[in-house]
Every structure is written in structure tokens, then in C-alpha cells.
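These notes are about the structure you will find just below.
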Amino acid sequence: MSMFGFGGVNQGPTSAQKIAAAEAELEMVTDMFNRLTHSCFKKCVPREYREPDLNKGESVCLDRCVAKFFEVNVKVSEQMQNQAATRQGGTPGTGGMFGM
Amino acid sequence: MSMFGFGGVNQGPTSAQKIAAAEAELEMVTDMFNRLTHSCFKKCVPREYREPDLNKGESVCLDRCVAKFFEVNVKVSEQMQNQAATRQGGTPGTGGMFGM
Amino acid sequence: MSMFGFGGVNQGPTSAQKIAAAEAELEMVTDMFNRLTHSCFKKCVPREYREPDLNKGESVCLDRCVAKFFEVNVKVSEQMQNQAATRQGGTPGTGGMFGM
Amino acid sequence: MDGLTAAEQREFQGVVEKRQMREFMQMYSNLVQRCFDDCVNDFTSKTMNAKEEGCISKCVDKWLKGSERMGQRFAEQNAAMMQGGGPLGGAR
Amino acid sequence: MDGLTAAEQREFQGVVEKRQMREFMQMYSNLVQRCFDDCVNDFTSKTMNAKEEGCISKCVDKWLKGSERMGQRFAEQNAAMMQGGGPLGGAR
Amino acid sequence: MDGLTAAEQREFQGVVEKRQMREFMQMYSNLVQRCFDDCVNDFTSKTMNAKEEGCISKCVDKWLKGSERMGQRFAEQNAAMMQGGGPLGGAR
């Protein structure tokens, strides 16, 4: 249940921690689904909406679009894990560095 | 206070439930207002911003845009209630169906 | 720690209030950073992504864009404080006025 | 809000006020970004030129006035919806 | 969710249901705004013409069907990811 | 954060850390969607071609470097704002 190797929730977490982690993962998957449907609908379904059903082209496009979104998600995750290793430490541009 | 006939809060709800339902409805109305102002400002007010006041055309356009947004809101609500009846049960594309 | 002169947190606030105010300010600064990076990246970095590094033009553009975003933030804050004074009271278009 | 006792109304009022402060912040941040995106496109210098400053000021004015006008129309539509009993389940 | 006891599963189920209600509201509001933006552009009158009404109805249908189809593909990809042990840390 | 006791600072630090984890997740999801939208437009196959893969990799690099650079400028502006006492009520 650990994400990007962060946060060692494996040493006997409490119920609350396990449920919080499960909820965080559900949030992540739901957010990904919302973004994917938004992007793929925009790329695959023209806005003229000529008929109420999805035509052949739109359906095939949506199927492939979902697959490619997953592929991009994996590529970006790998790229950032390699870079995080070389930068040894937090990712730039996060809250901590606003001179606070 | 029930929305789309969901959740039977009518059998003697607690104060907390009544306030939570009131807050959920306020959230829904505020969210609708934010979306409506965003969409109608973009459709009715050109980005050249020639003068600080709203001109005649912009004002009439905003009035009609608010009315039509409400009309669309009603149409979509009706359409989904009819379709939810025919599909007897949850709406596709919600959290539950991600193989979780 | 008061924002736009609202909310007198100066008369001996509790720890919880002080931490809440600090968190609200962090939220405001983080939100501003997220919006600024989104807008400036779109204005300064063309989408062809020819090479992995930022070129000279993109870097200088990003620097100036950050400075101008801060300048706009100050101008809008001043303009609204002057107008709030003349309108003596809440800003229009907030939750309260939806006939609730 | 129909159906709330006096005590519940007071508590709800507190919720509304806290929410309004957040809404105001959200509206302010949206306004800054919207007017920046629409008005500031010249990065040959790191300070605004006269044209950009004028554009920002008018953009803020137009938005505040437009938002106020739409707020009034919204309240009228909302009230009509509540009397007329239109099927907008969510807003009742 | 692997690793949860029966009691934890039940509690998590409650969380999921509350979240689904919110997701449904969010999807509904997105749909209204998306179809309004795509279909309604004529403000010479304050009620929809026939073309706009047809467009709204087809936009809603296309979205519900498209969203359902993408939900199925998404579940398949997600399941494959979990067996295949792909490095998508977040989704396991 | 001026005005916080040592104990309050520690508690606030905990808040900041939790928030940073969420910010990182948010930034990651934004990055995936932004680079997908900019780079992936050919759906004649269900796997990325070489051009798309190159575009994704450079998009991620450009974003991380740009975001880092803007973070530095932001911190400088923020610090100057705090000394200079500029009227940005919110950021003090």
C-alpha cells in the first residue's frame, strides 16, 4: 500500500491508518479516472454531438485513449522516481520553499 | 431536503444530519453559481475589456445566460432521472466500478 | 496575520486559531503558486517540447512572468480593498445572496 | 433553510459565514488568474506597461459588476424555482 | 482492498459510499457545465431553441455512454496493472 | 511563521508535511494530464509511438525544471514582499 516507496505504513499500522491509506488510494484512482474521462472525451468525441450513441470511431478511440493514458501514467511515474533518486530528496516546487 | 429522491432523511433526522444536509445543498448551489458565472462571463464579456462598466449587450447577455443555465440544469436533471429509472441502480462511471 | 483587515485574530488567539490562521495562509500561498506556475508555464513554454532543458528565452520569460503575477496580485488586492470601502460591506456574488 | 430549529439555524449561520470567507478567497484567486491570463502577455519587461495595467483594472471592474448582476439573476431564478416547484431536486 | 479486516472493510465501505454520492454530484455538475458550454451560444432569447435542446440531450447521452465505456476499460487496465505488478505504485 | 510558540511550530510543521504529500500527488496528477493532453493525439494504435514517448519525457523534464525555477523566483518575491511590507495582506 506504500506509494512511490514513501511512508513506511508496513510496521503494524492502526485501523485508522490502514483505512486512511485505502481512502487515499481510492482518491488517487478516482482523480485519475476523472482526469482520464475528461481528456479522452475531449479528444475522441467531437462537440457537434450529431447522434445520441457513440459511433464506431468514437468507441475505438476511447478504448485506445484509456490504454495510452495508463501508459503515460507509468512512464511519468518511472521518470520521476529516477529523477527523485538523482536529486536525493523532495521534489522542487512543493510548499516548503516559499520562503516560509 | 432529499436530492434526486436519494437518502431518506425524513424519518426524524438528528440536528447534525439536518445541518449536514443544509450544508451539502449550500455547497451544491454555490458550486452551481461558480460554474454559471465562469461560463456566462466567458460567453458574454469579450476579453478586450474596453471600458470598466458592463455595456448594454453584455448585461442583457448575462441575464439571458443565467436563465438558460438554469434551464439546462433542469433538462439534465430530468434526463438523468429518467435514465436512472431505466438503468435501475447506480450511474455508470462512479467510484465503485474501478475493479476495487 | 489578518487578511484584508478581516477577523480580529490579534486579541490573544488560542493555539488552534493561530495554527488555523497559519494553515489558511499556507493554503493561500500554495494556491497562488499553483495558479502562477500553471499560467506562466502555458505562456512561456511552447508545447512542442523540442528539448528537455529550458532554453534562454523560456527561462527569462518565466522569471518575468513570476514578477508580473505578483504585481497583478498586489494591484487586484488594492483595487478590491478600495472598492470594498466604497461598497461598505461584503463583496457581491458570495454565498449569502442566493435567496437562501 | 426550512425545517431547522432556531439553534440549528444559528449553527448553520456559522457554517455559512466560514464558507463565505473561503468563497471570497477562491473568487479573489480566480479573479487574479483570469485577469492575468487575459491581460498580461508581454514578457519583454518584468513590470506591467500602461496598457496591461488598464486592462487589469477594467477586467476586475467588469468581473465584479458582472458577478453582482449574475448573483441577482441567480437569486431570482432560485426563488422562482423554489415557489414554482420546478424539478431541480438539488436546489430545494 | 487487501490487508483490511472484516470490520475495517465495513468501515471503508461506508467511506466509499459517501464518496460515491459526492462523485455523482461532481459528475452531474461537470456534465451540466460541459453540455451548456458546448451547446448554448445564442443569447438572442432567454429560452433554449430546438437545436440547443437536441444538442443538450445528445451531449448528455454521449457523455453517459462514453463514461460507462471508459469505466469498463479503466477497470480492465486497473486489474491488469494489479496482476501484472506494473510499477504504478499509486494504484496498487 | 512569526508569532508561533515552539510547540505550535512543531504542530504546524506536521500540518505542512501532510499538505506537501498531497501537493506532490496533485502536481503529479496534473503533470500526467498536461503532458498527455499536449503529446498524445494519435489513436490509430493503443500504444505510444516514438514521437509521443519523446514528447512525454521532454514535457516532464521541462515542467520539473520550470516549476523549480519558478519556485525560486516565487520564494524571492515572497521574501521581498515580507520585508518590503507591500500591501499583499494575504501573504504576510
Side-chain angles (χ1 to χ4, degrees), chain A residues 2-4 6-7 20-21 24-25 27-45 57-84 86-87 89-100, chain F residues 1-2 12-13 15-49 52-53 55-61 63-83 91:
Chain A
S2 68
M3 275 177 265
F4 309 108
F6 284 14
E25 189 163 323
E27 166 116 15
M28 179 85 180
V29 173
T30 310
D31 178 64
M32 181 179 166
F33 178 69
N34 290 337
R35 290 171 186 272
L36 177 152
T37 44
H38 183 82
S39 292
C40 288
F41 195 79
K42 216 154 53 159
K43 285 179 188 285
C44 292
V45 181
E58 288 165 348
S59 304
V60 168
C61 177
L62 289 174
D63 294 346
R64 290 173 180 161
C65 187
V66 172
K68 286 181 107 163
F69 196 95
F70 267 79
E71 198 184 344
V72 169
N73 202 28
V74 169
K75 280 279 181 325
V76 173
S77 163
E78 281 167 3
Q79 189 170 340
M80 288 186 72
Q81 283 178 1
N82 303 347
Q83 297 203 344
T86 53
R87 281 171 200 269
T91 312
T94 49
M97 60 181 304
F98 300 158
M100 299 288 284
Chain F
M1 281 287 110
D2 47 1
F12 181 59
Q13 201 40 41
V15 166
V16 171
E17 257 141 44
K18 222 181 67 178
R19 182 181 276 284
Q20 268 182 329
M21 186 62 198
R22 225 156 22 110
E23 280 301 320
F24 174 74
M25 289 298 163
Q26 203 55 34
M27 184 273 283
Y28 169 77
S29 308
N30 281 330
L31 185 55
V32 170
Q33 187 173 18
R34 169 196 296 277
C35 293
F36 179 79
D37 286 351
D38 289 347
C39 296
V40 178
N41 292 301
D42 160 19
F43 297 106
T44 52
S45 103
K46 49 187 253 149
T47 52
M48 285 201 278
N49 56 45
E52 286 171 334
E53 285 198 28
C55 178
I56 291 285
S57 161
K58 279 173 242 158
C59 175
V60 170
D61 273 338
W63 170 263
L64 290 180
K65 285 161 186 151
S67 175
E68 189 175 356
R69 188 183 186 101
M70 288 189 275
Q72 282 148 9
R73 295 297 91 73
F74 188 95
E76 289 154 15
Q77 289 283 341
N78 220 357
M81 188 65 63
M82 301 239 195
Q83 272 91 27

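What you are looking at is a predicted structure, and each value in this text was computed from that prediction instead of being measured. Lettering of chains follows the sequences in order, A, B, ..., and the numbering in each one begins at 1.
Contact of F/Glu17 with chain A is not made at all, since no heavy-atom distance falls under 4.5 Å. Looking at A/Lys75, the atoms closer than 4.5 Å to chain F (heavy atoms on both sides) all sit in the side chain, from C-beta outward.
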For this session: Step by step, work out the side-chain contact (heavy atoms from CB on, under 4.5 Å) result for A/Glu27 and F/Arg22.
Result: CA-CA 11 Å; A/Glu27 166 116 15; F/Arg22 225 156 22 110; over 6 Å; no
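Contact count versus chain F (heavy atoms, under 4.5 Å) is highest, among A/Leu36, A/Val72, A/Val60, for A/Val72. For the set F/Gly66, F/Cys39, F/Cys35, F/Ser45, the entry with the most heavy-atom pairs within less than 4.5 Å of chain A is F/Ser45.
Using a 3.5 Å distance cut-off with no hydrogens or angles, the side chains of A/Ser39 and F/Gln33 do pair a donor with an acceptor. Using a 3.5 Å distance cut-off with no hydrogens or angles, the side chains of F/Gln26 and A/Asp31 do not pair a donor with an acceptor.
Side-chain atoms of F/Val32 and A/Arg35, non-hydrogen and from C-beta on, never get closer than 4.5 Å to each other.
For the atom pair CE of A/Met28 and OH of F/Tyr28, the computed distance is 5.5 Å after rounding to the nearest 0.5 Å. Summarising the geometry, atom CZ belonging to A/Phe70 is positioned 15.5 Å from atom OG1 belonging to F/Thr47; distances are rounded to the nearest 0.5 Å. Atoms CZ and CG, from F/Phe43 and A/Asp63 in turn, are 11.5 Å apart once rounded to the nearest 0.5 Å.
Residues A/Lys43 and F/Asn41 come closest through the heavy atom pair NZ-OD1, 2.7 Å. Nearest heavy atoms, F/Phe36 versus A/Cys65: CZ-SG, 3.6 Å.
Under the 3.5 Å distance criterion, the side-chain polar atoms of A/Gln79 are left unmatched by any main-chain donor or acceptor of F/Val60. The backbone N or O of F/Met48 lies less than 3.5 Å from no partner atom in the side chain of A/Lys68, so there is not a single donor-acceptor pair.
Within a 6.0 Å radius of NZ in F/Lys58, more than 12 heavy atoms belonging to other residues, nucleotides or ligands are found.
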